[in-house]
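Written below as structure tokens is the structure these notes are about.
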Amino acid sequence: MTIRVIIVDDQAMVRAGFAALLAAQSDIDVVGEAPDGRQGVDVSRNTHPDVVLMDVRMPEMDGLEAARRLLEPPRGVTHRPKVLMLTTFDVDDYVYEALRAGASGFLLKDAPPADLISAVRVVAAGEALLAPSVTRRLIAEFARQRPAPRRNSSELRRSGLTPRETEVLELIARGLSNQEIAESLVLAEQTVKTHIGRVLAKLGLRDRAQAVIFAYESGLVTPGSG
């Protein structure tokens, strides 16, 4: 099945470069572009893409507000694309807020071309894109500098997570990949995936990105610990 993508970035050269790269893939179709968040929302509503590549800093409306509007649409609008934020290290706070708003992950704008292509496929498949090495560096920093209102820790206790599922959630939030979690807990990788699925279901979360945010906000993991 072809993955429909739109690119929202205020730099025309960036849009053109990403569009050319993605359009060259047999399973990806670039169906629209926009130079700011406001137009990006309009293009998304008209073209119904599977994935929106969204820059964080743009005129008129930034990527964070645009992501919120796409992921929490008004009544009568049923389409909710996956949103993949494009960022650089100097806008870390925006990325944290985007993940809280429901974005499926983030990608550094200077990432290798193969990473961009892979990211679109991963997000389109319903997975969150949280590269472990980036997660460790960025998410903890977001929480340390721009702490969000904490969830009540009793929410975690009421969730019904088993001790093993709680361990898995903590390791996700610390930036470990499925393979690293499997090695740490001496489990099969497929078993880890099963645990993650149960964690998301019990907590009512969309994906791994929201699991990371929940772990920080519930107090299960604190910035800089571990």
Side-chain angles (χ1 to χ4, degrees), residues 1-111 113 115-130 138 142 146 148 204-210 213:
M1 184 176 69
T2 301
I3 302 168
R4 296 168 58 83
V5 176
I6 69 170
I7 302 165
V8 185
D9 193 294
D10 62 332
Q11 297 181 39
M13 290 292 289
V14 171
R15 295 198 309 273
F18 284 179
L21 178 65
L22 294 174
Q25 310 306 308
S26 61
D27 60 336
I28 299 176
D29 186 11
V30 178
V31 297
E33 300 178 14
D36 61 66
R38 190 178 306 280
Q39 292 185 54
V41 171
D42 291 340
V43 172
S44 179
R45 297 264 164 82
N46 289 329
T47 61
H48 292 184
D50 301 300
V51 177
V52 177
L53 291 177
M54 182 80 73
D55 190 18
V56 291
R57 281 186 173 175
M58 294 178 290
E60 296 295 327
M61 179 188 293
D62 65 22
L64 178 58
E65 179 60 27
R68 288 196 185 104
R69 295 194 183 193
L70 291 176
L71 297 166
E72 298 177 6
R75 181 175 298 180
V77 177
T78 58
H79 178 252
R80 286 184 175 86
K82 304 293 184 182
V83 176
L84 178 59
M85 304 301 296
L86 300 170
T87 186
T88 54
F89 282 124
D90 64 340
V91 287
D92 294 349
D93 52 333
Y94 283 83
V95 180
Y96 182 74
E97 291 302 318
L99 293 175
R100 293 186 68 237
S104 293
F106 53 87
L107 185 72
L108 299 178
K109 293 180 78 171
D110 60 355
D115 286 2
L116 173 64
I117 296 167
S118 175
V120 168
R121 290 170 177 156
V122 166
V123 169
E127 299 292 330
L129 185 76
L130 285 176
L138 297 184
F142 304 154
R146 299 285 184 106
L205 304 176
R206 291 190 194 98
D207 53 33
R208 193 186 191 97
Q210 289 199 328
I213 301 303

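Numbers here are sequence positions counted from 1.
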Do side-chain atoms of Asp36 reach the backbone of Arg38 as a donor and acceptor pair under 3.5 angstrom? yes
Test of understanding: with side chain to side chain donor-acceptor pair (under 3.5 Å), list the residues that count as partners of Arg69, not counting sequence neighbours. Glu65
How close do Ala103 and Met85 get, heavy atom to heavy atom, and via which atoms? CB-CG, 4.0 Å
Run the side chain to side chain contact (heavy atoms under 4.5 Å, CB included) check on Ile117 and Leu22 step by step: do they pass? CA-CA 7 Å; Ile117 296 167; Leu22 294 174; 4.2 Å; yes
Please find the pair of heavy atoms, one from Pro35 and one from Pro59, that lie closest to each other, and give the distance. O-CD, 4.2 Å
State, to 0.1 Å, how close Ala34 and Val43 come at their nearest heavy-atom pair, and which atoms those are. CB-CG2, 4.2 Å
Counting N and O atoms only, with roles assigned by atom type, does the side chain of His79 sit under 3.5 Å from a partner on the main chain of Thr47, one being a donor and the other an acceptor? no
Give me the atom names and distance for the closest heavy-atom approach of Pro49 to Pro81. O-CB, 3.5 Å
Can you tell me how far CZ of Phe106 sits from CG of Leu86, rounded to the nearest 0.5 angstrom? 12.0 Å
Flag the pair Arg80 / Pro73 as yes when at least one side-chain heavy-atom distance between them is below 4.5 Å, and no otherwise. yes
Nearest 0.5 Å please: distance from the CD1 atom of Ile7 over to the CG atom of Leu21. 9.0 Å
Can you measure from CZ (Phe18) to CG (Asp55) and round to the nearest 0.5 angstrom? 8.5 Å
Residues Gly40 and Val8: closest non-hydrogen pair is CA-CG2, 3.8 Å
Heavy-atom closest pair (Lys82 atom, Ser104 atom, distance to 0.1 Å) is CD-OG, 3.7 Å
Do the non-hydrogen side-chain atoms of Val56 and Asp62 ever get within less than 4.5 Å of each other? no
To the nearest 0.5 Å, what is the distance between CG (Asp110) and CG (Leu116)? 12.0 Å
The reported gap from CE in Met54 to CG in Leu64 (rounded to nearest 0.5 angstrom) is 9.5 Å
Side chain to side chain donor-acceptor pair (under 3.5 Å) contacts in which one or both residues fall within residues 4-21, not counting sequence neighbours: Asp9-Lys109, Arg15-Glu33
